[in-house]
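Right, one structure below, let's go through it.
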Amino acid sequence: MNNIRLRFPPSPTGKFHIGSARTALFSYLYARKMGGTFVLRLEDTDQSRSTKEFEENIMEGMEWLGLNWDEGPIPGTNKYKGDFAPYRQIERFREGLYQPYIDKLFKEDRAYYCYCTPEELEEEKKAQAEKKEAPKYTGKCRECSKEKIEQYEKEGRSKVVRLRLNPEIIKYKDIIKGDIEFDMALYGDPVIVRSDGMPLYNFVVVVDDLTMKITHVIRGEDHISNTPIQIAIYKALGAGVPEFGHLPLTLTPDKKKMSKRFGDISIDKYKKEGYLKEALINFAALLGWSSGTEQEIYSKEELEKVFSLARVQKSNAIFDVERLNWLNGVWIRKLSLDRITAECIPYLKEAKLINDDFDRIYVEKVISLVKERLKILSEVIDLTAYFFKDLVLNPEKLVFRKSTIETTKQGLEDVIILFEDTPMSKWPLNVDEMNNLMNEAKNMHNLSNGDVFWPVRYALSFSEASPSPAELLTVLPKEVSLKRLKAALKSLS
RNA sequence: GGCCCCAUCGUCUAGAGGUCUAGGACGCCACCCUCUCAAGGUGGUAACACGGGUUCGAAUCCCGUUGGGGCUGCCA
């Protein structure tokens, strides 16, 4: 490993969703591509919104997707791996890791206490709005006299720490967006420590990235306007800045930032519905990145080799579930029968189609018939229920649209005769032999395909859309097939 | 409102001045295959936001307009 270091710093205030997964993925891929280190850091300074449940949800989601971090929390423990532990900001705060940096800012007069009350600030803002000015903190407490401070302290006023911003132009070269510059005169001095003593995001993120030796900050473009403040803090601390790269956002279909509606698109929800991690990774990678070739299907391993930030799109991308569905189907078809069977079993169990002592061989045969018809794993329930139990037979549907009741009955009768004549020892025949047998039945009374194949298929599957009758016959036990065919025949008289 | 980012088919995108009567993929439609569905095959639908420049030549460069998004918190 070289000294290239990237981090993914979620705040555990919501579930892991597609948007944050993509951000994590891009950092992860870049780290892997460059042979660097990928760090997971939990940004939990907002204790009122952070929860253990969300932490677990995020880490489980990342592990499931295979976004393995080299440094960070070890799930299910309070331990960490990596040389810069702890990797939870609340613990870093408790260990006093941020204080020296705050002290340094005070010492160099880059920080000061602000005693303004929320009401005062609100009033200030209102006045600015009336004058059509940009709302920002005016810097009232910047040059507070000793007497004033003493008075405030006597009053027992609470205070925050603000960073003294220089009225300068701050520019940086974004890896993805290019040159960006800000007029800091337009910003008010930001709060870096809350009145309860807890340092705030813009400050801790800088200290952590600095102390964790992060070299590349890859994050969503919703952080672009935070970047100049953070650069100001780096400079005030006398530190060099890392490279910044701001990813275009993943927008919901109504074009809103995803994190504002994460509940709809959380990773665990997609997992539960039956999306494969391969499909989710492939999908997320293609949201804002392309290889420049016409290849669309990528495994994570391939992406680790070909990913580059230079080919990341500048504009926002809208989440399109149709495309995800297609990719999921592609991956279901691409992956091994064994793997897909394993993925399907929980759904079959939940639907009570199988229990704990199910026949794995049989289930695998069943899955083999529906594998290429599956787009989402949960569909396996409806697609295969008739392999495990009888469903409702609708006699009208037994008759093909070009057939009659008479020819349909004849077809079923002839098929039953031929099946019964086939010795159990030869059953099941293979697909070709099954087809031959049904063709033979068809020829007995000069029937058409629809007189034989359709009713057999419907009788066996109780469905108008299913695998071919020959395939069904090779998988269903002979006695079940015969029973269903006879029941179908009977329903027509 | 202010600041910032962005702008190719409905969606994801290729395109880094001439190879663009703009390519691929998803979706949709049609046809083929066919007892059905799916898969597969073939074909089709559909875009350079607008206006000025620069240039012999612009989807590509510049400016403006419009549109979209983000930020504007003692959230991250």
Side-chain angles (χ1 to χ4, degrees), chain A residues 9-14 43-46 48-50 89 114 116 118 121 125 128-129 132-136 158-162 174 176-178 180-183 186-188 190-202 204-205 219-228 246 248-249 251 253 255-257 259 283 286-297 313-327 329 333 369-375 383 400-403 411 438 442 448-458 461 463-469:
Chain A
S11 76
T13 54
E43 308 232 331
D44 54 357
T45 54
D46 187 346
S48 66
R49 295 198 305 147
S50 299
Q89 289 181 331
C114 168
C116 295
L121 262 16
K125 234 185 223 174
Q128 284 165 334
K132 300 226 168 191
E133 284 171 7
K136 67 164 203 182
S158 61
K159 58 178 185 276
V160 300
V161 178
R162 285 186 190 268
D174 194 282
I176 292 159
K177 305 278 188 179
I180 301 183
E181 62 174 67
F182 298 86
D183 181 359
L186 266 16
Y187 283 73
V191 175
I192 56 174
V193 181
R194 295 206 293 212
S195 55
D196 64 4
M198 181 68 77
L200 250 14
Y201 166 73
N202 270 138
V204 291
V205 77
R219 71 221 314 190
E221 72 169 51
D222 47 346
H223 285 290
I224 288 183
S225 36
N226 284 323
T227 306
H246 288 92
L249 262 20
L251 269 24
K255 294 192 175 181
K256 292 289 170 234
K257 200 172 127 176
S259 53
F283 176 76
L286 260 27
L287 266 184
W289 174 85
S290 72
S291 66
T293 70
E294 286 185 355
Q295 183 176 348
E296 308 259 359
I297 308 304
Q313 196 80 5
K314 283 185 180 175
S315 48
N316 293 165
I318 296 169
F319 172 85
D320 178 17
V321 75
E322 293 292 349
R323 198 171 157 80
L324 209 209
N325 289 345
W326 166 69
L327 276 169
R333 274 171 260 135
L369 293 195
V370 299
K371 189 166 171 263
E372 71 175 24
R373 280 156 245 263
L374 275 178
K375 265 202 160 60
L383 251 29
F400 186 55
R401 59 190 158 84
K402 291 179 186 167
S403 302
M438 282 183 284
K442 190 181 83 175
S448 66
N449 279 346
D451 298 327
V452 176
F453 289 83
W454 174 276
V456 170
R457 198 174 51 70
Y458 181 80
S461 69
S463 167
E464 290 169 285
S466 82
S468 70

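Just so it is clear, the values below take in all heavy atoms, side chains as well, and ignore hydrogens, waters and symmetry mates. Values in this document were obtained by computation on a predicted structure and should not be read as measured data. Chain A is the first sequence line, chain B the second, and so forth, proteins listed ahead of strands; every chain is numbered from 1.
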Base, sugar-phosphate, or nothing for A:P455, non-hydrogen atoms under 4.0 angstrom? nothing

What's the closest nucleotide to the A:R333 side chain, out of B:A39, B:A76, B:A25? B:A39

What's the closest nucleotide to the A:R194 side chain, out of B:G69, B:A7, B:C75? B:C75

Is A:T45 close enough to B:A76 that one of its side-chain N or O atoms is under 4.0 Å from OP1 or OP2 there? yes

Of all the choices, B:C26, B:U13, B:A7, which nucleotide is nearest to the side chain of A:S315 once you look at every atom? B:A7

For the pair A:F319 and A:F283, name the ring-plane relationship: parallel under 30°, tilted 30 to 60°, perpendicular over 60°. perpendicular

Of the candidates B:G23, B:C74, B:G70, the side chain of A:E294 sits closest to B:G23

Rounded to the Å, how far apart are A:N449 CG and B:C35 P? 4 Å

A:F400 side chain: which of B:U36, B:G10, B:C35 is closest? B:C35

Report the residue (A:P135 or A:E221) whose heavy-atom-nearest nucleotide on RNA chain B is the more 5′ of the two. A:P135

Taking only the side-chain heavy atoms of A:K375 (C-beta and beyond), determine which of B:A14, B:C35, B:G27 contains the nearest atom. B:G27

Has the side chain of A:S466 got a donor or acceptor that lies under 3.5 Å from a partner of the other kind on the base of B:C37? no

So A:K442 and A:N449, side chain to side chain contact (heavy atoms under 4.5 Å, CB included) or not? Walk me through it. CA-CA 7 Å; A:K442 190 181 83 175; A:N449 279 346; 3.0 Å; yes

Given B:A76, B:G69, B:G27, identify the nucleotide with an atom nearest to the side chain of A:W326. B:G27

Using a 4.0 Å heavy-atom cut-off, does A:H246 contact any base of the nucleic acid, only the sugar-phosphate backbone, or nothing at all? nothing

Report which part of the nucleic acid A:D451 touches: base, sugar-phosphate, or nothing (heavy-atom distance under 4.0 Å, all strands). nothing

Does the side chain of A:S290 get closer than 4.0 angstrom to OP1 or OP2 of B:A14 through an N or O atom? yes

Do A:R323 and A:W326 meet the cation-pi criteria used here (NZ or CZ under 6.0 Å from the six-membered ring centre, within 45° of the axis)? no

Taking any heavy-atom pair under 4.0 Å as a contact, classify A:K442: base, sugar-phosphate, or nothing. nothing

If we take the C1' atom in both B:C48 and B:U60, what is their distance in whole Å? 10 Å

When you measure from the side chain of A:E296, which nucleotide among B:U36, B:A25, B:A76 comes out closest? B:A25

Nearest to the side chain of A:K255, which nucleotide is it out of B:A76, B:G69, B:C26? B:G69

